[in-house]
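Notes follow the structure.
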Amino acid sequence: MLLWDETIFSNGEVLEFDYLPEYFVHRDSQMQALRFSLKPALRGMRPVNCLVKGPPGTGKTTAVMKVFNEVKEYTDDVAFVKVNCQIDSTRFAVVSRIYEQLVHITPPSSGISFRRLFEKVIKYLLDSNKTLVVALDDINYLFPEGHADEVMYSLLRAHEQYPGARISVIAIISDVGIPYSFDPRVGSVFLPEEIAFPRYEIAEIADIISNRVKHAFFQDVVSDEALDKVVTYVDRTGDLRIGIDLLKRSGLNAERRASRTVSVEDVDKAYEASRLLHLCRNIKSLSDHEKILLGLIAKDSSLPTGELYKSFHEITGLGYTRFYELIEKMHISRLIDADFSGKGMRGRTRYVAPVYDSEDILKCLE
């Protein structure tokens, strides 16, 4: 039996989402492509822009951050910034985050224009003679309302208005089968090196998960059967983050039983809790109006969009244009399916349905 002051975790930090692993494998070609794209920065040149794409949980952000850390060891003339576009989802929010990471001062959220704040960023770069590399993580969240083009245009064409400014962008996009495109004005200056991150093969998943077990737990805590169960669950989704979270929750379940080993039952129980992890996290990031709309969809997915809009308008008072924007945003974010049917006078009646189980959505909205 495990005593109350004992633990089966030797280094629980290894199982946190923001942990940057030393053991990062099965992504050699992608890492080389990123290194090659950033290499010009070592010679005072603007790095090659990159479009990093692949399904969620395939190592995209980790690869970018590890290459950033590598380049930092060779030069102080490059400033690296990562922006989480799921959190900072407007042009002003993105530039505010860039400014904060460059000068370590949080700008006011109001009372300052985008132009003035952007000029402060440029002034810092010119005064310090630094090249800026911005990683726009989950840029998907900037597309629905046109913010992606606004952000990219401002960053990539800054040198036209501010000679000497050197800014490069690494756009990280979770490829979930939804089409996206940049404005031609952006595309003409973006011209990225495209770097694809495919789903991990099951043998690769097993290797990575085994390494996390080795560093997170004491020896012989996680049985081969429990490990295989975790790998099986991860292979279903292709999202490695689910496996990391499963290991943590499974270990906590074992400790709750005062057990010195993690069982298959601990993993199964953890999966029931973990399967909603990313859904609840995505829903938490939504605005109040988006949550209201998603709740209406979850409660009745049989309504055509016309009827759905009436219910939404009665609660929020918002117009149809805004309603349509929110539908598109959640469609791109893979929270809902929004397809046209053959019904209706012109054969274009649109129905909206949740991608996830309605009960799970409503549970996350509580």
Side-chain angles (χ1 to χ4, degrees), residues 49-58 60-61 64 81-98 114 118 133-158 167-197 239 278-279 281-294 297 305 309 312 318-340 350 352-356:
N49 299 314
C50 296
L51 180 63
V52 175
K53 58 183 182 178
T58 51
K60 300 183 297 296
T61 305
V64 170
V81 172
K82 181 179 82 78
V83 180
N84 184 340
C85 298
Q86 187 174 356
I87 297 173
D88 300 308
S89 57
T90 67
R91 183 175 67 157
F92 184 85
V94 169
V95 173
S96 294
R97 187 68 63 187
I98 293 171
F114 166 83
F118 190 63
V133 180
V134 180
L136 297 175
D137 198 8
D138 278 331
I139 195 174
N140 310 57
Y141 290 89
L142 298 185
F143 278 103
E145 298 176 52
H147 296 307
D149 287 324
E150 293 177 349
V151 169
M152 296 287 279
Y153 191 85
S154 298
L155 293 173
L156 295 175
R157 307 199 75 143
I167 300 177
S168 171
V169 172
I170 298 178
I172 306 174
I173 187 163
S174 288
D175 187 358
V176 291
I178 303 297
Y180 63 89
S181 62
F182 291 102
D183 185 280
R185 297 180 305 159
V186 173
S188 65
V189 289
F190 186 28
L191 302 173
E193 171 81 7
E194 294 196 15
I195 306 173
F197 282 69
D239 190 337
H278 299 296
L279 172 61
R281 188 166 56 183
N282 288 343
I283 289 177
K284 186 179 179 181
S285 70
L286 299 177
S287 68
D288 290 340
H289 290 148
E290 290 165 344
K291 290 176 182 176
I292 290 171
L293 180 55
L294 184 60
I297 295 169
T305 51
Y309 168 66
F312 178 73
L318 294 179
Y320 189 82
T321 299
R322 183 57 180 159
F323 165 79
Y324 183 81
E325 288 175 350
L326 297 183
I327 289 287
E328 288 300 308
K329 179 177 180 181
M330 286 193 285
H331 182 42
I332 289 175
S333 302
R334 296 300 297 140
L335 287 169
I336 62 172
D337 280 327
D339 297 317
F340 290 98
R350 198 176 195 185
V352 181
V355 170
Y356 297 88

Requested in this report: List the atom of D138, the atom of C85, and the distance in Å for their closest heavy-atom pair.
Outcome: O-CB, 3.3 Å
Query - Rounded distance [0.5 Å steps], CZ in F92 versus OG in S154 - result: 12.5 Å
**Report entry** Heavy-atom side-chain proximity of L335 to V355 below 4.5 angstrom
**Finding:** no
Requested in this report: Measure the spacing between CD1 of I170 and NZ of K60 and express it to the nearest 0.5 Å.
Outcome: 13.5 Å
Query raised in the report: Say you draw a straight line from OG1 of T305 to CZ of F312; how long is it, rounded to the nearest 0.5 Å?
Result: 13.0 Å
Query - Euclidean distance, R322 CZ relative to L293 CG, rounded to 0.5 Å - result: 10.5 Å
Requested in this report: Test side-chain contact (heavy atoms from CB on, under 4.5 Å) on V64 and K82 and set out the steps.
Outcome: CA-CA 9 Å; V64 170; K82 181 179 82 78; over 6 Å; no
Report task. Assess whether side-chain contact (heavy atoms from CB on, under 4.5 Å) is satisfied between I297 and I327, documenting all intermediate values. Result -> CA-CA 10 Å; I297 295 169; I327 289 287; 4.3 Å; yes
Query raised in the report: Does E150 have any salt bridge (charged side-chain N to carboxylate O under 4.0 Å, His left out) partners at least two apart in sequence or in another chain, and if so, which?
Result: none
Requested in this report: State, with a plain yes or no, whether a side-chain heavy atom of I139 is found less than 4.5 Å away from one of M152.
Outcome: yes
Report task. Decide yes or no for F182 and F143: does some side-chain heavy atom of the first lie under 4.5 Å from some side-chain heavy atom of the second? Result -> yes
**Report entry** Set of salt bridge (charged side-chain N to carboxylate O under 4.0 Å, His left out) partners for R185, sequence neighbours left out
**Finding:** D183
Report task. Go through the structure and list residues passing ring-ring contact (aromatic ring centres under 6.0 Å, His included) with F114, not counting sequence neighbours. Result -> F118
Report summary line: Distance col, row Q86:CD vs L142:CG, nearest 0.5 angstrom, shows 11.0 Å
Query raised in the report: Considering the options N140, I173, I195, which one meets the side-chain contact (heavy atoms from CB on, under 4.5 Å) requirement together with K53?
Result: I173
Query - F323 ring center within less than 6.0 Å of Y320 ring center - result: yes
**Report entry** H289 side, atom NE2; L326 side, atom CG - distance, nearest 0.5 Å
**Finding:** 8.5 Å
Query raised in the report: Any idea which heavy atoms bring I167 and L156 closest together, and the distance?
Result: O-CD2, 4.4 Å
